[in-house]
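Within every chain, numbering begins at 1; the chains are lettered A, B, ... in the order of the sequence lines, protein sequences first and strands thereafter.
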2 protein chains.
Amino acid sequence: MKTYPRVTLEQWRVFQAIIDKGGYAQAAQYLHRSQSAISYAMSRLQQQLGIALLKVEGRKALLTEQGQILLERSRLLTDEAVEIENFAYHLSQGREAEIKLVVDAAFPKDLLMSALSKFANQSQGTRVQLREVVLSGASDALLSDETDIVIGVQAPSGFLSDPLYEVELIAVAHTNHALHKLKHKITSADLSKHMHVVIQDSGEKEKMDIGWLSSQDRWTVSSIDSALSAIEHGLGYGWLPRYRVSEQLKQGSLKALLLEQGASYKAFLFISFAHPQNIGPATRELATIIKDVVKKNI
Amino acid sequence: MKTYPRVTLEQWRVFQAIIDKGGYAQAAQYLHRSQSAISYAMSRLQQQLGIALLKVEGRKALLTEQGQILLERSRLLTDEAVEIENFAYHLSQGREAEIKLVVDAAFPKDLLMSALSKFANQSQGTRVQLREVVLSGASDALLSDETDIVIGVQAPSGFLSDPLYEVELIAVAHTNHALHKLKHKITSADLSKHMHVVIQDSGEKEKMDIGWLSSQDRWTVSSIDSALSAIEHGLGYGWLPRYRVSEQLKQGSLKALLLEQGASYKAFLFISFAHPQNIGPATRELATIIKDVVKKNI
DNA sequence: AGAAATATATCAGTTTATTTGATGATATAT
DNA sequence: ATATATCATCAAATAAACTGATATATTTCT
């Protein structure tokens, strides 16, 4: 078993050129080399592999069955080699190798994924590292310098932020929940008698408090998914993004609470750069794509 | 934009060796070259890429951030180069580049996939081309020489075949189907009043007829999936592999028909080699794996 | 059938990129 | 301070790859 390559990329390229250009002579012309250099490279390649890639039938060089397969694989190889070098070029131009993106869980996944897949198409190899947070986790990420772009509820002042997306959070509880049985509009006094499902802040520094209504009992969860699941199981009530509960509202498993006040409120998600003074080209592109996708989907 | 690689595999290999062995001198020793050759190759590499991969801090060569990324990618490249050459070696040893596998649709997909993924692990690059057929399509494939291994209902005599897997086909219809409303056991007279969903033979030569019961109306489909979907939509009744309808039977969307006779019958699937006199090593391995997987899952 | 044209293989000589060994520069360890 | 380890650079040596000419084989043309 070999452990290092003996065949050079040049040899594979010669092989490919012979096929693509229709012969040794044409390949020679294409590669700016003599016909005998092509012949030499090709025979050496086959000798090193111990296998015939071409059989010269009459005066035409034809692929063997094995040559066909190896040709295909070799193209992947040389393509990847070219891509690495192009990627290196982009790096030399200041393009980032990796972008760290932090997104608040309230931001719709489909928009995010659509933006990321668009970016992947033109990313030139730049990878995106995605982290999901809730509430002040986003601001923390900005401050702690572990990120490049943040999509979150608000940016600490001093960061370059743009309003991006409005999320409507509405108060819901399971259809059978006692709060729905009340005859009058629900007051905060009513709420305080029931379990409030709160999404825990994933931030660590300045805890923002979204559970501003005091409540006897509080069920704290760490993601929108778990909050939704808790509420769907009748554990309590809570505020969730409208787009995440629309299905349940339609099906009737959840119902919006008729609150005297605060039945819904709007949160604005902002997109911010963590290092405004030094934004790389790929980071800028990704941000632009995200904004575009959001704009098109409003 | 470059269109062909300038950096050689050797250069990448030198780069990797410097990191893996801890320095230029060690890499030189490992690669059986002088230290200055390493230094030359490395500086040329960086010059060609237009980017620094190593920064010499003190007397130690350390990866730059970009070097780290390109190191990882370059490993994929050199690994692939080695794999191609190993694959070529296997080809030279008579190993097949591609195996054509024809499988009757009645053979459970999970078994097939499990076998194929096992084979992929040890295939040394041999690819499997999979074709799905129903009924005599399998025999046709054997006869027409466009295949290596066949899993089908029966092999024409003269082929090397082993019994592989027993499929139980049961008669089913949608729960609300009129046939389920009958008070007595269903007779063929009853059946003939309803639509029979038949899986069409994908073979082209000798049409085998599985719809042996005459039926007023017949709905012909070309795959098990469409048959299942037709029956699930209440279009008619038909015989389907038990493992494909077990979920629906459990959920109650389909019900087995209480037939006077022939409510179920068993079909045996055989595995056959198309060219018994000349079976390649990879073909033999794949067949063995398929048999093993089936044996373990009975 | 024979001549001309096309296509790959091979050979001897040349070119060139890579390698070497020696030396230099610099940082770390004793 | 001195010794040691590490990478950079230079001129010279080397080996792999390349060239141009020629050989061999096949197809095409007349």
**Message:** Quick test of your reading of the model: are B:Glu285 and B:Arg95 salt-bridged, counting only N-O distances below 4.0 Å?
**Reply:** yes
**Request:** Report yes or no: does A:Ser123 contribute a side-chain atom to a donor-acceptor pair with the main-chain N or O of A:Ala120 at less than 3.5 Å?
**Result:** yes
**Request:** Give the dot-bracket string for DNA chain C, reading 5' to 3', where a pair is Watson-Crick or G-U wobble with both distances under 3.5 Å, ( ) marks pairs inside the strand, [ ] marks pairs crossing earlier ones, | marks a partner on another strand, and . marks unpaired.
**Result:** ||||||||||||||||||||||||||||||
**Request:** Please determine which of B:Leu116, B:Asp148, B:Ile271 meets the side chain to side chain contact (heavy atoms under 4.5 Å, CB included) test together with B:Leu286.
**Result:** B:Leu116
**Message:** What I want to find out is whether A:Glu10 reaches A:Arg13 closely enough, with some N-O distance under 4.0 Å, to be called a salt bridge.
**Reply:** yes
**Fill in**
In whole angstroms, the gap separating C1' of C:dA7 from NZ of A:Lys21 amounts to 18 Å
**Request:** Would you mind reading off the distance between A:Leu31 atom CG and D:dA17 atom C1', rounded to a whole angstrom?
**Result:** 14 Å
**Asked** Got a sec, which residues hit side chain to side chain contact (heavy atoms under 4.5 Å, CB included) with B:Thr64, two or more places apart in sequence or on another chain?
**Response** B:Ala52, B:Lys55, B:Gln66
**Request:** Before accepting this row, confirm whether a basic side-chain N of the pair B:Asp104/B:Arg131 lies closer than 4.0 Å to the acidic partner's carboxylate O.
**Result:** no
**Fill in**
From CD of A:Gln47 across to C1' of C:dA9 the rounded distance in Å is 14 Å
**Request:** Write down the distance between NZ (B:Lys55) and P (D:dT6), rounded to a whole number of angstrom.
**Result:** 19 Å
**Complete:** Quick tally for nucleotides 19-30 of chain C: nucleotides whose base has a protein heavy atom under 4.0 Å get B, sugar-phosphate-only ones S, the rest -, giving BBB-----BB--
**Lys/Arg N to Asp/Glu carboxylate O, A:Lys109 vs A:Glu132, below 4.0 Å** = yes
**Asked** Given atom CG of B:Leu9 and atom C1' of C:dT18, what is their separation to the nearest angstrom?
**Response** 16 Å
**Prompt:** Is NZ or CZ of B:Arg6 both nearer than 6.0 Å to the six-membered ring centre of B:Tyr4 and within 45° of the ring axis?
**Reply:** yes
**Prompt:** Are OP1 or OP2 of D:dT6 and a side-chain N or O of B:Gln26 less than 4.0 angstrom apart?
**Reply:** yes
**Asked** Is there a donor in the side chain of B:Gln124 and an acceptor in the side chain of B:Glu83, or the other way round, less than 3.5 Å apart?
**Response** no
**Prompt:** Rounding to a whole Å, what distance do you find between B:Ile18:CD1 and D:dA5:P?
**Reply:** 19 Å
**Message:** Heavy-atom nearest nucleotide on DNA chain C for A:Tyr24 versus B:Arg44: which residue maps closer to 5'?
**Reply:** A:Tyr24
**Message:** Can you measure A:Leu53 atom CG to C:dT8 atom P for me and round it to whole angstrom units?
**Reply:** 15 Å
**Fill in**
note: A:Leu45, atom CG; D:dA16, atom P; distance rounded to Å ~ 17 Å
